[in-house]
Number of protein chains: 2
Amino acid sequence: MANQPAPLDAVFHSLADPTRRAVVTRLLQGEAPVKQLAQPFAIGLPAFLKHLAVLEGAGLIRSEKRGRVRTCRIDAERLAAAEDWLAEQRAVWQGRTDRLAAFVESQTIGSPS
Amino acid sequence: MANQPAPLDAVFHSLADPTRRAVVTRLLQGEAPVKQLAQPFAIGLPAFLKHLAVLEGAGLIRSEKRGRVRTCRIDAERLAAAEDWLAEQRAVWQGRTDRLAAFVESQTIGSPS
DNA sequence: TGGTTGGTTCGCCATATGGTGAACTATATT
DNA sequence: AATATAGTTCACCATATGGCGAACCAACCA
């Protein structure tokens, strides 16, 4: 159902880099300033800022500058979009092996408690 | 748990392109020869073959040549790896937002529906 | 045997990506 | 006021990406 190409391009492209994935994982623990985010990586700040720009461009993170510190936080919606796309695909391929029914059921809950 | 950087790089990079995502979706319906796969797209065969090479390099598809026809099929394991990674991340962020939601709710009970 | 078809390979090109170092701005800190 | 700190911007570089057209090989068909 969902088929928004452009955003997915950006999200998947963001996740194709280990540095950026690490940033995402890190930010899921909570917000953090740029320098602290950059510290674990063996690249210069300019290069790291480009990564942040890619992530922010993809809508995966947001950032706000207070004083001289820019604080970044996760924006998980786009992450969910990526997972949704994969889940859709999985529904198809797993359907061939047998779990389609379970998935459909989980999507169409209609009369629980 | 799972933290295999290199394969994920290739998988996410593969999925960052709409043509390649379309190929994946298409192949989930069943195997198909190269030409048939390429037909919907407005690019030349050489360019399309590069996309297939990227997908195959990422382990998302396999292909076999019989006669002069190369038939491609999906190899869903790597797709699952990507979804697993995202599911892990979601587990974290949903854990947080769930706790947050629970907290907010616990502070604001009093006038629901 | 000769043509058509399905793929492949080759060279080429424009642009994007991921990195660098150096210079610069603006906000703390002392 | 002087200095350190956190980011930012800039010019630059090497390589990867995604596309092209043209030439090519192998196999099926007539």
Side-chain angles (χ1 to χ4, degrees), chain A residues 5-27 30-74 78 82, chain B residues 5-27 30-74 78 82:
Chain A
L8 281 182
D9 286 12
V11 169
F12 281 128
H13 172 245
S14 291
L15 298 179
D17 182 284
T19 298
R20 292 192 291 259
R21 279 199 307 279
V23 168
V24 166
T25 298
R26 172 63 191 282
L27 285 180
E31 61 179 38
V34 169
K35 205 201 178 186
Q36 184 180 325
L37 282 175
Q39 171 253 321
F41 305 101
I43 63 176
L45 252 194
F48 187 75
L49 285 180
K50 284 191 191 177
H51 285 301
L52 288 186
V54 169
L55 286 166
E56 196 152 15
L60 283 170
I61 72 175
R62 280 170 299 131
S63 69
E64 191 193 352
K65 194 163 181 178
R66 287 187 308 260
R68 65 181 167 179
V69 173
R70 175 172 299 277
T71 302
C72 303
R73 72 187 58 192
I74 265 282
R78 293 296 169 82
Chain B
L8 280 182
D9 286 12
V11 170
F12 281 129
H13 172 246
S14 291
L15 299 179
D17 182 286
T19 298
R20 291 193 291 258
R21 279 199 307 278
V23 169
V24 166
T25 298
R26 171 67 189 280
L27 285 180
E31 60 179 38
V34 169
K35 205 199 179 186
Q36 184 180 324
L37 283 174
Q39 171 252 321
F41 306 102
I43 64 177
L45 253 194
F48 186 76
L49 284 181
K50 284 192 192 177
H51 285 301
L52 288 187
V54 169
L55 286 167
E56 195 151 14
L60 283 170
I61 71 175
R62 279 170 300 132
S63 71
E64 191 192 353
K65 194 164 182 178
R66 287 188 307 261
R68 66 180 167 182
V69 173
R70 175 173 298 278
T71 302
C72 303
R73 72 188 56 191
I74 264 283
R78 292 296 169 80

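Note on naming: letters A, B, ... go to the chains in the order of the sequence lines (proteins, then strands), and numbering restarts at 1 for each one.
- A:Leu37 places its CG atom 12 Å from the P atom of D:dT8, with the value rounded to the nearest Å.
- In this structure, A:Phe41 places its CZ atom 14 Å from C1' of C:dG18, rounding to the nearest Å.
- Side-chain proximity of A:Arg20 to C:dG18, C:dT20, D:dC20: nearest is C:dG18.
- Checked against D:dG7, C:dT20, D:dG18, the side chain of A:Leu49 finds its nearest nucleotide in D:dG7.
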(message) One pair to check against side-chain contact (heavy atoms from CB on, under 4.5 Å): A:Val34 and A:Leu37. What are the steps and the verdict?
(response) CA-CA 5 Å; A:Val34 169; A:Leu37 282 175; 5.6 Å; no
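- With B:Ser63 as reference, B:Glu56 is the one residue of B:Glu31, B:Glu56, B:Arg73 to meet the side chain to side chain donor-acceptor pair (under 3.5 Å) rule.
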(request) I would like to know whether A:Asp9 and B:Arg21 meet side-chain contact (heavy atoms from CB on, under 4.5 Å); could you show each step before the answer? (result) CA-CA 9 Å; A:Asp9 286 12; B:Arg21 279 199 307 278; 2.7 Å; yes
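- For the pair B:Arg66 CZ and C:dG6 P, the interatomic distance rounds to 15 Å; values are reported in whole Å.
- In this structure, B:Lys50 and B:Gln36 both approach DNA chain C, and ranking their closest nucleotides by distance from the 5' end singles out B:Gln36.
- Put simply, CZ on B:Phe48 is 10 Å from P on C:dG7, counting in whole angstrom units.
- Checking D:dG19, C:dG7, C:dG19 against the side-chain heavy atoms of B:Ala47 singles out D:dG19 as nearest.
- If you measure from atom CG of B:Leu52 to atom P of D:dG18, you get 13 Å, rounded to the nearest angstrom.
- For C:dT29, the OP1/OP2 oxygens have no side-chain nitrogen or oxygen of A:Arg68 closer than 4.0 Å.
- Here the C1' atom of nucleotide D:dG21 and the CD1 atom of B:Ile43 are 14 Å apart, to the nearest Å.
- Across the interface with DNA chain C, nearest-nucleotide mapping of A:Thr19 and A:Val69 shows A:Thr19 to be the residue nearer the 5′ end.
- For residues 46-69 of chain B, every residue pair satisfying the ring pair (Phe, Tyr, Trp, His ring centres under 6.0 Å) rule, not counting sequence neighbours, is listed here: B:Phe41-B:Phe48.
- What separates CG of A:Leu45 from C1' of D:dC10 is a distance of 15 Å, to the nearest Å.
- Taking 4.0 Å as the cut-off between side-chain N and carboxylate O, A:Arg66 and A:Glu64 count as a salt-bridged pair.
- For C:dG7, the base has no donor-acceptor partner in the side chain of B:Lys35 [N/O atoms by modelled type, under 3.5 angstrom].
- Summarising the geometry, the separation between NZ on A:Lys65 and P on D:dT9 is reported as 8 Å, rounded to the nearest angstrom.
- Dashed line: the shortest gap from a side-chain N or O of A:His51 to OP1 or OP2 of C:dG19 is under 4.0 Å.
- Using a 4.0 Å heavy-atom distance criterion, A:Pro46 is classed as a base contact.
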